[in-house]
Amino acid sequence: MDNAKVDKIVEKHKKDSCQLIGILQDVQKVFNYLPKSALDHLAKKLDIPESQVYNVATFFKAFSLNPRGKHIVHVCMGTACHVRGAKRIMEDVARELSIPEAGGNTKDMEHTVEQVNCVGACALGPVIIYDGEYHGSMTPEKTLKLFKK
Amino acid sequence: MTKEITITVDGRKVKAAEGLYLLDVLKRNNIYVPSLCHHDQVHPYGVCRICIVEMELNGRRKVMSSCNLKIADGQVFHTTSEKLTKERKILMELMLARSSGAKEVIELAQRLGVEETRFPKEDDGCIMCGLCVKACEQVVGVSAIGFESRGPNRKVSAPFDVEAERCIGCGSCVFICPTNFIKMEDKNHVRKIPLWHVELKMKQCKSCGPDIAPEKQLEYIRNKVKLPENFFDTCLNCRP
């Protein structure tokens, strides 16, 4: 069944291995991460070595090879956010969700928290991105409210 | 017919065919430029940066790697200068730090006047020259291994860092590696390359006994050149 989903994505991109990044993005959209089985199948389908797919999938931080939670949260750790207290937010989030401070999945797989190094919205810092939605001028309290929604 | 062009190297006029890579032209004309990640059998990759030269461009000098630079008519190059020496020395120090026990690296370092490195040392580290990956892809045609991640986390590995399924155990990566980072062991009729997590059964010669090569490799060669099924039953010496 999973392979059928990959097939569909590959068809959409006309089996063009030059579009590997786009294909991987679509695969990640479906599975929420890049499962090994899907990548193996993808390599076969595109007729390129697995090592090439693996190379691209590990090169970009936007791709994850490990399962991720339902909601994906990015905490900006860029310089501007950092000096305005992003570290404190991260500490509070990590404590509240009992995950490592470097980020990770919650036990119930509801959330995945990741640190990012600047999202280009420095004037709004500290910035939290919750499921692709940007929240600016965050405090630890406001952040925890986001998680409880 | 390719056009013949003239370039100037260290004030000397050099004639060469258009479209050649500068490093190859320099070598053919006995002009020494150090190189490390360059190999005749693989496409230039330009990662070790040791082969840098200076090119004159609009009255300025620009540092470029020569192995992957295609020459054009009238270009002016310098292969030695204070700046180049300094940069090569720093590059060499960094590579020496990654791999301070490798003969090839030490020899090149000494030739460039680097005896010690001021960075933390590793004995047999990978210097990311990419020769193993390129050899596997372009010489063997298997592409069993590749790069993983980027920046400080970059390393050579088998896909997903588990057993490299495509690996035929030919050992080209081990042979081409300048720093002895990739290890291989033949023991009890099994060939092991721990870095790619492979263990392959060796095929023995039916008449004299010793190992010939991994079964998978012989199968790969046999299919590639369409040899008869029993071609590799005996070793090279026992073959009629």
Exercise. Do Thr58(A) and Phe147(B) come within less than 4.5 Å of each other through their side chains, counting heavy atoms only?
Worked result: no

Problem set entry | Toward chain B, the part of Ile48(A) with a non-hydrogen atom under 4.5 Å | backbone

Problem set entry | From CZ (Arg150(B)) to CG (Asn55(A)), nearest 0.5 Å | 11.5 Å

Exercise. Any chance NZ of Lys145(A) has more than 12 other-residue heavy atoms, nucleotides or ligands included, within less than 6.0 Å?
Worked result: no

For this session: Tell me, for Ala164(B) versus chain A, whether the close heavy atoms (under 4.5 Å) come from the side chain, the backbone, both or neither.
Result: neither

Problem set entry | Between CZ on residue Phe60(A) and OG on residue Ser149(B), distance to nearest 0.5 Å | 12.0 Å

Exercise. Which bit of Val162(B) is near chain A, if near means a heavy-atom gap under 4.5 Å: side chain, backbone, both or neither?
Worked result: side chain

Exercise. Does CZ in Phe119(B) sit with more than 12 non-hydrogen atoms of other residues, nucleotides or ligands closer than 6.0 Å?
Worked result: yes

Problem set entry | Exceeds 12 heavy-atom contacts within 6.0 angstrom, atom NZ of Lys183(B) | yes

Problem set entry | Sidechain-backbone polar pair: Ser51(A) side chain, Ser143(B) backbone, donor-acceptor under 3.5 Å | yes

Problem set entry | Asn230(B) CG: over 12 foreign heavy atoms closer than 6.0 Å | yes

Problem set entry | Nearest non-hydrogen partners of Ser157(B) and Tyr54(A), listed with the distance | OG-CE2, 3.6 Å

Problem set entry | Neighbour count above 12 (heavy atom, 6.0 Å) for Lys192(B) NZ | no

Exercise. Measuring from Arg166(B):CZ to Glu50(A):CD, what's the distance to the nearest 0.5 Å?
Worked result: 4.5 Å

Exercise. Would you find more than 12 non-hydrogen atoms of other residues, nucleotides or ligands less than 6.0 Å from Asn188(B) atom CG?
Worked result: no

Exercise. Do Gln52(A) and Glu137(B) touch side chain to side chain, with heavy atoms closer than 4.5 Å?
Worked result: no

Exercise. How many angstroms lie between CD in Glu148(B) and CZ in Phe59(A), if you round to the nearest 0.5 Å?
Worked result: 13.0 Å

For this session: Count the heavy atoms of every other residue, nucleotide or ligand shown that sit under 6.0 Å from CD of Glu165(B), and state whether that count exceeds 12.
Result: no

